[in-house]
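Notes follow the structure.
Atom set for the values below is all heavy atoms of this structure, side chains included, hydrogens, waters and symmetry mates excluded. Treat the numbers as computed from the prediction; the structure is a model and nothing was measured. Along the sequence shown, residues are numbered consecutively beginning with 1.
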Amino acid sequence: MEHQSETLVKRRKWKNRLSIAAVIAVTAAIAMISIGNYINTRTTDTGQAEDEFAPPEGFGGDKGAVMATGTTSVGVNAVAFDIDFLEDANLYVEEVYLSNGDSVQAGDKYLKFTDASIADARTELEEAALSAELAYRSGILSDGESKLQAKYEYDTAMLEAQYAQQVYEDTLAQLEADYAQAKKEYDAAQQEYDDYLEKVQNNSFYEEYDIENLKKAYEEAYDLYIDRKEYYEVSDDELKNNSNNNNNNGNNSGGGSNSAESMEPAALMTLSGSAGGTGDGKESESQKTETEEPTKTEDTAQTEPTTDTDTTDNPETDTDTDATDNPETEQKPSAPNGGERPKGFGDAARQEEQNAKKDREWIVKTVSLLEQETQDAKTAYTTALEEYENEISSAELNLQKLLNQLETAREDYTDADVSYQKQTLSAKTAYELSVAKGQTAQNDYQTQLTGLADSLEKLQDEKEEAAGNLALFEELVGDGYLYTQEGGTVLMLMAQEGRSLAGGSMIFAYSNPKQLSVSVSVSQNDIAKLSVGETATVLLEEHGSYSGIIETINPVSASNSRTSVTYTVTVNLQGDVSGLEANLTANVIFGETENMGGEPKKEGEHGRSGKADQKANDRKN
């Protein structure tokens, strides 16, 4: 535990340097007062002193060496508060047991914190240690999951590398298919535009809409309809009544087909004069009579005079056919001499009239059918004519529309061509990348495992640091007190009762007679050559030379002159300095690791030269 605490203290040593610099400034002021007394009381032999104080022979030949003069001062230790890892809690000083000028021994109590602030700090550190512990355990779990993920990525990379060639070929095939489809659509759009342009230039829409044939069909249907209507003297009222009857029959039958549509084709052919047969020969006797009668009537009308039984073709003898439907107005047949005709003769006449009525109805229905066919032919013709005229009137607009479609298809084709080139290159890059990943998959996998191990190690370090902080807290201030580590005289006390003590801040400074340092001023031209931790040689009058280490370099200039800028450098003497005192004049040589003759410096048992050891022995004798 002691070794751990020492390590943590050293880790935070750099945070205390500013506090140490402040202490050094105070001690430097004390040293300056002592220098005057030293100059007045020093009575050594000047010639001997100059001989002993002179730099080693040959100094100045090394252009890299820097020399400066200063005075020695007793070492000053700054005690800093090492609890610098508290984030929320603050430690408040309840009582201070020291004052400036007090002498202390190692292990003395010198400060007490409030119990409440100690409890708050302990709680924070315990929670931090627990949180770090939980984070470490969670890291162990996630480490296992991440290893599985890394293994999966490794296997995936190897699999992709294995099938990279096949994937590359399939991608190229798909790209070629997409390119071919775009080319096909572009060619189709070009062909459609060219065809329509040719139709516009050659006016071929007339043949395309079949205007001539539709017109001819309409005229033929119209001529046939007029011819039959006039031939049989079918009036418009009869056609209208037939249409109304058909509508009524259709409504009564639930939307059945009309009479004209249900007529036998043979009957229609007979009426139109194109045939004289009676259909397919399967009609009943009454149907045969009905279909034969108009034919006979037609033939008789051409060769014989009209008889009183032809009620259809003789206007003078035409009777009201509807009269037979009214029993009240039905006329009885009469005998030639004015009396009643025989009963059998009346039935025959009535039958003849009914047959004539049916024949007339058949004729009207047939003519109505011809009228309907004429209307259908007219509709087909006029519709085609309107579409043709619309086509002609909108030809320019349609041509522009097709041109726009062609331009769009051309752009799509161009884009497909560019995309094909890019995607081909991308597919090749992906193929090469998959192959490369397969080749480096093992190294990548190992790198991931190493990174996971480092992350877990970091979590472990954080856990150990949190536990170490808690342990250091308990060791240093667990009982609420601070204790001195070494003996000495208090020079400056910074801690105050009732105030919090921040981590890294200086508590107090005390003199340490076991340490001796030299403060020298170095010009700005040479200061860049020096750095903290480098060695130096310290030459002391009547005491020889000592090894030294640069402890601090004050970044703030020690002079007020603009032309001569200097910086204060503090060098700690190494070895046994118990025979030395403060306010000794010293020359410090920086950058000298060997003596001027090129041979290593011979050190005494305390890091001093042999001559210094001899003088020390002489003083003892």
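Side chain of D412 to main chain of Y186: no donor-acceptor pair is present (N/O by atom type, distance under 3.5 Å, no hydrogens or angles). A donor-acceptor pair under 3.5 Å is absent between the side-chain atoms of Q524 and the main chain of V565, judged by distance alone. Side-chain atoms of S131 never come within 3.5 Å of backbone atoms of E127 as a donor-acceptor pair (strictly under, hydrogens ignored). The closest donor-acceptor contact from the side chain of T440 to the backbone of A436 lies under 3.5 Å. Although no hydrogens or angles enter the test, the distance criterion places no donor-acceptor pair under 3.5 Å between the side chain of S138 and the main chain of L134.
Enclosure of atom OH in Y483 by more than 12 non-hydrogen atoms of other residues, nucleotides or ligands within 6.0 angstrom is indicated.
Closest of all the heavy-atom pairs between L402 and E192 is CD2-OE2, 3.4 Å. V435 approaches A161 most closely through the heavy-atom pair CA-CB, 4.3 Å. S531 and I550 make their closest contact through O-CD1, 3.5 Å (heavy atoms, listed as atom of the first residue, atom of the second, distance). Across V538 and V518, no two heavy atoms sit closer than the pair CG1-CG2, 4.0 Å. When every heavy atom of E474 is checked against every heavy atom of R122, the shortest pair comes out as OE2-NE, 2.7 Å.
For D170, the salt bridge (charged side-chain N to carboxylate O under 4.0 Å, His left out) test picks out no residue, with sequence neighbours left out.
Separation of atoms CG (L449) and CG (D454) is listed at 11.0 Å; rounding is to 0.5 Å.
Note: Y481 and F113 fail the aromatic proximity criterion, with ring centroids not under 6.0 Å apart.
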Enumerate, atom names and distances included, each donor-acceptor pair closer than 3.5 Å involving a side-chain atom of residues 105-112, sequence neighbours excluded.
| unit_1 | atom_1 | unit_2 | atom_2 | d |
| --- | --- | --- | --- | --- |
| D108 | OD2 | Q105 | N | 2.8 |
| K112 | NZ | E94 | OE1 | 3.2 |

Using a 3.5 Å cut-off and no angle test, enumerate the donor-acceptor pairs between side-chain atoms of residues 414-422 and protein atoms at least two apart in sequence or in another chain.
| unit_1 | atom_1 | unit_2 | atom_2 | d |
| --- | --- | --- | --- | --- |
| T414 | OG1 | R410 | O | 2.9 |

request  = Evaluate side-chain hydrogen bond (donor to acceptor under 3.5 Å, both in side chains) for E145 paired with Q149, printing each intermediate quantity in order.
outcome  = CA-CA 6 Å; E145 295 176 357; Q149 180 65 25; over 6 Å; no

message = Apply side-chain contact (heavy atoms from CB on, under 4.5 Å) to residues F590 and D526 and explain how you reach the verdict.
response = CA-CA 10 Å; F590 300 98; D526 297 328; over 6 Å; no

request  = Carefully, step by step, assess F508 and L491 under the rule side-chain contact (heavy atoms from CB on, under 4.5 Å).
outcome  = CA-CA 7 Å; F508 70 94; L491 300 177; over 6 Å; no

Worked verdict on E386 versus N390 for side-chain hydrogen bond (donor to acceptor under 3.5 Å, both in side chains) = CA-CA 6 Å; E386 290 177 358; N390 292 335; 5.7 Å; no

ask   = Are L91 and F81 close enough, and set up right, to give a side-chain contact (heavy atoms from CB on, under 4.5 Å), and what steps lead you there?
value = CA-CA 11 Å; L91 292 175; F81 189 45; 3.4 Å; yes

request  = Step by step, work out the side-chain hydrogen bond (donor to acceptor under 3.5 Å, both in side chains) result for Q165 and Y431.
outcome  = CA-CA 7 Å; Q165 182 66 33; Y431 161 73; 3.1 Å; yes

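Y510 and E486 share a donor-acceptor pair across their side chains, judged by distance under 3.5 Å alone. Side-chain atoms of Q574 and Y546 include no donor-acceptor pair closer than 3.5 Å.
Looking at D195 and K199, no side-chain N of the basic residue comes within less than 4.0 Å of a carboxylate O on the acidic one, giving no salt bridge.
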